[in-house]
Amino acid sequence: AQTVTQSQPEMSVQEAETVTLSCTYDTSESDYYLFWYKQPPSRQMILVIRQEAYKQQNATENRFSVNFQKAAKSFSLKISDSQLGDAAMYFCAYRRGGSQGNLIFGKGTKLSVKP
Amino acid sequence: KAGVTQTPRYLIKTRGQQVTLSCSPISGHRSVSWYQQTPGQGLQFLFEYFSETQRNKGNFPGRFSGRQFSNSRSEMNVSTLELGDSALYLCASRDSPMNTEAFFGQGTRLTVV
């Protein structure tokens, strides 16, 4: 069975600084996708960034980028120039390829941003 | 374009009762998935519907059921509520099961007393 592990329950970063959230996963599949979702106090899960396993290039979305290490099964999220609005729960998620895959989430990391 | 709409936003029920939650996906989206979020177990997949058919099911007891209507709106039902069913129930929609990007609603907070 696939699993997703986030080893940092809480993280804190100073505004304008950079922070990295860790995520490891376990799978025997070769076709899969990895995601980082943000859940602010409003509770709505918002997709931050997505990585296809077959792509070697790390995904980037503005201030958000990932370090995808396929052999190590590691998928970390780097947030640059942190803003107060980045404060939220961040969830790493895995989905196998094909039409039957559902999202498998890690336990989440609560990110605080200090002004 | 309206997002995923879940109703009601909050619900308080008594142990033993049953409850029905509703999810209206983004217009044009035909795939709807449900997730349960609790502090202890985190986010867990309940089931997915596409074109009124359940395509995938998580590891939950039979008290949890769902359905999807021809307009893609989905409902989930929990019968014989237990205290442990207290959770945030999230719905996500995709235009098809092959699409990897899922859009979530704001959830329904269910409290069982």
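Just the heavy atoms: all of them, side chains too, but no hydrogens, waters or symmetry mates, feed the values below.
Taking the ring centre of Y10(B) as origin, the terminal cationic atom of R43(A) falls inside the region bounded by 6.0 Å and 45° from the ring axis.
When heavy atoms are compared at a cutoff of 4.5 Å, A92(B) does not approach chain A at all. For L103(A), the parts lying near chain B are the backbone and the side chain together; criterion is any non-hydrogen pair under 4.5 Å. In this structure, chain A has heavy atoms under 4.5 Å from both the backbone and the side chain of E101(B). Contacts between L43(B) and chain A at a heavy-atom distance below 4.5 Å involve backbone atoms as well as side-chain atoms. Both the backbone and the side chain of R109(B) come within contact range of chain A, judged by heavy atoms closer than 4.5 Å.
Connection of F91(A) to W34(B) is not established within any shared hydrophobic cluster, with ILVMFWY side chains joined at heavy-atom distances below 4.5 Å, either directly or through further cluster members. Both L77(A) and L84(A) belong to a single network of hydrophobic side chains, linked directly or stepwise wherever heavy atoms of I, L, V, M, F, W or Y lie under 4.5 Å apart. Side-chain heavy atoms closer than 4.5 Å link hydrophobic residues (I, L, V, M, F, W, Y) into clusters, and following such links, even through other members, never connects L46(B) to L90(B). A continuous path of hydrophobic side-chain contacts links F64(A) to L21(A) [ILVMFWY only; heavy atoms under 4.5 Å]. Both I49(A) and Y25(A) sit in one connected hydrophobic cluster of ILVMFWY residues. Membership requires side-chain heavy atoms under 4.5 Å apart, directly or through other members.
Within a 6.0 Å radius of CD1 in I46(A), more than 12 heavy atoms belonging to other residues, nucleotides or ligands are found. More than 12 heavy-atom neighbours from other residues, nucleotides or ligands sit within 6.0 angstrom of CZ on R63(B). Shown here is K57(B), whose NZ atom has more than 12 heavy atoms of other residues, nucleotides or ligands within 6.0 Å.
Taking the six-membered ring where the residue is Trp, the centroids of Y35(B) and F105(A) are separated by under 6.0 Å.
Using a 4.5 Å heavy-atom cutoff, the side chains of Q44(B) and I104(A) are not in contact. Inter-residue side-chain proximity for L88(B) and Q39(A) is flagged as met; some heavy-atom pair is nearer than 4.5 Å.
The backbone N or O of F104(B) lies less than 3.5 Å from a partner atom in the side chain of Q44(A), making a donor-acceptor pair. Counting only distance, with no hydrogens or angles, the side chain of K107(A) and the backbone of G40(B) share a donor-acceptor pair below 3.5 Å.
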